[in-house]
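When a ligand or atom number is given, it counts from 1 through the structure's own listing order.
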Amino acid sequence: MTHGLDLERGVGEILIDETALRARVVELGAEISADYAGRDLLLVGVLKGAVFFMADLMRELTMPCEIDFMAISSYGVATDSSGVVRILKDLDINVAGRDVLVVEDIVDSGLTLSYLIRSLRARKPASLEVAALLTKPERREIDVPVRYVGFEIPNRFVIGYGLDFAERYRNLPYVAVLHPDLVPSTA
Ligand code: 5GP
């Protein structure tokens, strides 16, 4: 199967394997279920990277919940998030008065998330929190309150479990560092 070999050629060190991902998602699901017990939660996923985490996390939640998605694009160059983002796809569901949990794949500088939070807060949800699978604390440029964090990782470009490099590698079942041969020189 050349496809599998091709995919794995881009993979460097595995940072979080499938077992660890699964265990942490179960823990986060239990924590969120306890915190939101008796409430009707709206999960807001940020396309595309968060889809995988969101699908697994949602199946661990024990209260009623809905999902919706937003797609955003940064105006900055690819490797340097400017924090000015454009909404490519907005929510279908009205968030006013709702308990909203934004589900993100990774928080890097925090600029994208910070913009998103400001935009959602203006729509007057009853509550607004963030769950991020990964965070790179070293890279943070703006303080964003992330209530649920899966893993803190070092400042390295990662792929897998939803995270891409040039739209590839999202289907890896683990989180790995992009192979050094493929890391863009500006990253
Ligand atoms: P921020 O605005 O926090 O700097 O950027 C967050 C976005 O940058 C994430 O939602 C993700 O799309 C992208 N990003 C940041 N770090 C990585 C990484 O290590 N790997 C991948 N694939 N995307 C990343």
Side-chain angles (χ1 to χ4, degrees), residues 6-18 20-21 24-25 28 43-57 67-91 100-121 128-187:
D6 284 343
L7 188 65
E8 291 188 355
R9 203 170 288 156
V11 178
E13 182 193 343
I14 293 178
L15 285 189
I16 310 164
D17 68 18
E18 239 180 305
L21 280 171
R24 188 69 186 120
V25 171
L28 287 174
L43 299 172
V44 170
V46 184
L47 294 171
K48 304 170 189 169
V51 167
F52 302 69
F53 173 44
M54 175 116 147
D56 286 344
L57 183 66
I67 51 170
D68 203 350
F69 293 95
M70 287 181 87
I72 52 183
S73 99
S74 173
Y75 279 118
V77 291
T79 53
D80 178 25
S81 178
S82 62
V84 181
V85 301
R86 192 156 55 103
I87 296 177
L88 300 177
K89 185 229 168 282
D90 209 334
L91 298 171
V100 175
L101 181 63
V102 174
V103 179
E104 256 286 29
D105 51 0
I106 185 163
V107 184
D108 190 22
S109 69
L111 293 168
T112 309
L113 186 58
S114 164
Y115 176 89
L116 199 67
I117 288 173
R118 260 180 285 138
S119 164
L120 290 174
R121 198 165 277 149
L128 183 61
E129 300 289 351
V130 178
L133 177 70
L134 306 172
T135 154
K136 293 181 189 171
E138 278 172 55
R139 295 261 305 168
R140 200 59 39 81
E141 286 177 33
I142 189 163
D143 194 29
V144 273
V146 182
R147 172 122 180 224
Y148 307 98
V149 173
F151 300 88
E152 290 194 350
I153 61 165
N155 179 17
R156 302 179 72 183
F157 192 87
V158 290
I159 51 173
Y161 197 63
L163 289 150
D164 75 310
F165 171 61
E167 292 300 326
R168 301 296 163 92
Y169 305 106
R170 295 190 197 275
N171 54 325
L172 293 171
Y174 46 76
V175 172
V177 172
L178 182 67
H179 195 281
D181 291 351
L182 292 184
V183 175
S185 54
T186 47

Ligand 1 N/O within reach of Val158 N/O, cut-off under 3.5 Å: yes

So if I count the atoms of ligand 1 from 1 in the order they appear, which ones are less than 4.0 Å from some heavy atom of Ser109? 1 (P), 2 (O), 3 (O), 4 (O)

State whether the number of non-hydrogen atoms from other residues, nucleotides or ligands found under 6.0 Å of Arg147 atom CZ is greater than 12. yes

Heavy atoms only: which of Val46, Ile153, Ile159, Thr112 lies closest to atom 5 (O) of ligand 1? Thr112

Pull out every atom of ligand 1 sitting under 4.0 Å from any heavy atom of Glu104, numbered as shown with elements. 10 (O)

Determine, using heavy atoms of Phe157 and all atoms of ligand 1, whether some pair is separated by less than 4.0 Å. yes

All side-chain contact (heavy atoms from CB on, under 4.5 Å) counterparts of Arg170, not counting sequence neighbours: Lys48, Phe52, Asp164, Glu167

At the 4.0 Å heavy-atom cut-off, does Glu141 count as touching ligand 1? no

Quick one, Leu21 and Asp56 - any side-chain contact, counting heavy atoms below 4.5 Å? no

Geometric class of the Phe165/Phe157 ring pair [parallel <30°, tilted 30-60°, perpendicular >60°]: perpendicular

Ligand 1 atoms nearer than 4.0 angstrom to some heavy atom of Arg156 are 19 (O)

Who pairs with Ala55 by side-chain contact (heavy atoms from CB on, under 4.5 Å), at least two apart in sequence or on another chain? Arg59

Considering only heavy atoms from C-beta outward, does the side chain of Val46 approach that of Thr112 to under 4.5 Å? no

So is Gly110 polar-close to ligand 1, meaning N/O to N/O under 3.5 Å? yes

Check contact between Arg139 and ligand 1, using heavy atoms of the residue and a distance below 4.0 angstrom. no

Tell me if a side-chain donor or acceptor on Arg24 pairs with a main-chain N or O of Val149 at a distance below 3.5 Å. yes

Which of the atoms in ligand 1, numbered in the order shown and given with their element, are less than 4.0 Å from a heavy-atom of Lys136? 16 (N), 17 (C), 18 (C), 19 (O)

